[in-house]
Number of protein chains: 2
Amino acid sequence: MTTLTIGKVAQRAGVGIETVRFYERRGLIDEPPRGPSGYRHYPESVVLRLLFVRRAKDLGFTLNEIKELLSLRLDPQTTCADVKQRAETKIADIEEKMRSLRRMKQSLVQLTKSCSGNGPANDCPILESLDSLEQKP
Amino acid sequence: MTTLTIGKVAQRAGVGIETVRFYERRGLIDEPPRGPSGYRHYPESVVLRLLFVRRAKDLGFTLNEIKELLSLRLDPQTTCADVKQRAETKIADIEEKMRSLRRMKQSLVQLTKSCSGNGPANDCPILESLDSLEQKP
DNA sequence: CTACCACCTGTACCATACTACGGAGTCAAG
DNA sequence: CTTGACTCCGTAGTATGGTACAGGTGGTAG
């Protein structure tokens, strides 16, 4: 069975070497066996694991959440519904963030509409609004 | 002219004392004059400044951006259009974040649809997809 | 006059996700 | 056998926006 050095693993997974070690410390990948020199010898499967992490990260999961996701897989007690629950919670998180951004944007759009773009900055209605806004947008 | 201690300022602006000092270090508020004891003596206006910072933060500006916004006001060269430009850039940032979140959400929704919620976690289509997704959502 | 609270400085710490660096040991090619 | 690339470990730094001490002084109410 072939094993990979940390450099090969990092290259194949498209991450940095330091990142691989960092993920090991964070418990996202298993500590691999070492050769007599202390070099890490990885099975091929660690590349898949790293790709899993990258994809989950792209979906907005934090490293801690990804760790949980990975441990769900190992626990025979865990059901598919548990996993689905995580995904749904994450969807709700994302929706909340989007609502927040939408509110910010609406306020900013209002402010830019109020500003003709002429005149000196100290008369700018945008800055004036920031001085006197009462309620949260 | 009345002055305020840091505690009063923090209380009126609805932030922590440490936050006021932190903003001073970050250059968001001026270093106030000190009494013989070394106590900070703030003018009332600093409360307005802190409220400005809070509102701008609510609109999604970072502390560095807020610092720039504040300095724009002081520079007589700056025009209203410069301020408007900042706001528009921030709107574009927000829109980009929203697009990113929308993509994440769509992928997650797809995944949850593929999962019936029955069965053990190691057969979960969500986890399987994370193992084998090829393209970014 | 003595509590007791507010304030001072500086430093360290929280979470998040890495990235960089120094100094030493290892492996493979030429 | 030497050279250069690779790896090891531990620590520290990046950015973001604060929060939490410790240890010491100031101000004021009773």
Side-chain angles (χ1 to χ4, degrees), chain A residues 2-29 31-42 46 49-70 90 93-94 97 100-101 104, chain B residues 2-29 31-42 46 49-70 90 93-94 97 100-101 104:
Chain A
T2 35
T3 58
L4 302 168
T5 61
I6 195 168
K8 297 289 178 197
V9 163
Q11 190 195 322
R12 291 205 198 179
V15 301
I17 289 176
E18 305 291 345
T19 305
V20 178
R21 284 200 280 254
F22 176 69
Y23 285 175
E24 182 182 309
R25 284 201 296 282
R26 293 289 300 266
L28 290 166
I29 56 177
E31 289 190 37
R34 307 290 187 110
S37 63
Y39 280 26
R40 290 169 178 83
H41 295 309
Y42 290 101
V46 81
R49 170 66 66 98
L50 287 169
L51 292 175
F52 179 103
V53 172
R54 260 187 52 187
R55 284 170 198 130
K57 229 157 54 67
D58 284 343
L59 290 174
F61 289 94
T62 66
L63 295 188
N64 276 338
E65 287 166 342
I66 294 167
K67 192 177 167 186
E68 286 177 19
L69 235 31
L70 288 164
K90 185 49 64 182
D93 288 354
I94 289 172
K97 278 185 192 142
S100 170
L101 289 174
M104 288 181 197
Chain B
T2 35
T3 57
L4 302 169
T5 61
I6 195 168
K8 296 291 177 194
V9 164
Q11 190 195 322
R12 292 205 198 178
V15 301
I17 289 176
E18 305 290 345
T19 304
V20 178
R21 286 200 278 253
F22 176 68
Y23 285 175
E24 182 182 311
R25 284 201 296 281
R26 293 291 300 268
L28 291 166
I29 56 178
E31 289 190 39
R34 308 289 188 111
S37 62
Y39 280 27
R40 291 169 177 84
H41 294 308
Y42 290 101
V46 80
R49 169 68 65 97
L50 287 168
L51 292 174
F52 180 103
V53 172
R54 260 187 53 186
R55 284 171 198 130
K57 228 156 56 66
D58 284 344
L59 290 175
F61 289 94
T62 66
L63 296 188
N64 277 338
E65 286 165 343
I66 295 167
K67 193 178 165 185
E68 286 178 19
L69 236 32
L70 289 165
K90 185 49 63 181
D93 287 355
I94 289 173
K97 278 187 192 141
S100 171
L101 288 173
M104 287 181 197

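Residue numbering restarts at 1 for every chain, and letters A, B, ... go by the order of the sequence lines.
The minimum heavy-atom distance linking A/Asp93 with A/Glu65 is given by the pair OD2-OE2, 4.5 Å.
In this entry the distance linking CG of A/Leu4 with P of D/dT7 reads 11 Å, nearest Å. The interatomic distance linking B/Ile29 (CD1) with D/dG18 (C1') rounds to 14 Å, in whole Å. In this structure, the CG atom of A/Leu50 is 15 Å from the P atom of C/dA17, given to the nearest Å. Protein atom NZ of B/Lys8 is 13 Å distant from nucleotide atom C1' of D/dG27, rounded to whole Å.
Residue B/Lys57 places at least one side-chain N or O under 4.0 Å from the OP1 or OP2 atom of D/dG18. Taking only side-chain nitrogens and oxygens, B/Arg40 never comes nearer than 4.0 Å to OP1 or OP2 of C/dC7. Taking only side-chain nitrogens and oxygens, B/Arg34 comes nearer than 4.0 Å to OP1 or OP2 of C/dT9. Here A/Asn64 reaches the OP1 or OP2 of C/dT16: one of its side-chain N or O atoms lies under 4.0 Å away.
The CZ atom of A/Arg55 sits 10.5 Å away from the CG atom of A/Leu50 when rounded to the nearest 0.5 Å. Note: B/Tyr42 OH to B/Arg12 CZ = 14.0 Å, rounded to the nearest 0.5 Å.
Residues A/Ile6 and A/Tyr39 form no side-chain contact, since every pair of their non-hydrogen atoms from C-beta on lies 4.5 Å or further apart. At least one side-chain heavy atom of A/Tyr23 sits under 4.5 Å from a side-chain heavy atom of A/Leu63.
For the pair A/Lys90 and A/Phe61, the cation sits on the ring face: its NZ or CZ lies under 6.0 Å from the ring centre, inside 45° of the axis.
Between B/Glu18 and B/Arg21, at least one side-chain nitrogen of the basic residue sits less than 4.0 Å from a carboxylate oxygen of the acidic one, meeting the salt-bridge criterion.
Contacts between residues 17-27 of chain B and DNA chain D, defined by a heavy-atom separation below 4.0 Å, involve B/Glu18, B/Thr19, B/Phe22, B/Tyr23, listed by number.
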Can you pull every protein N or O that's under 3.5 Å from an N or O on nucleotides 27-30 of chain C?
from: C/dC27; atom 1: OP1; to: A/Ser37; atom 2: OG; distance (Å): 3.0

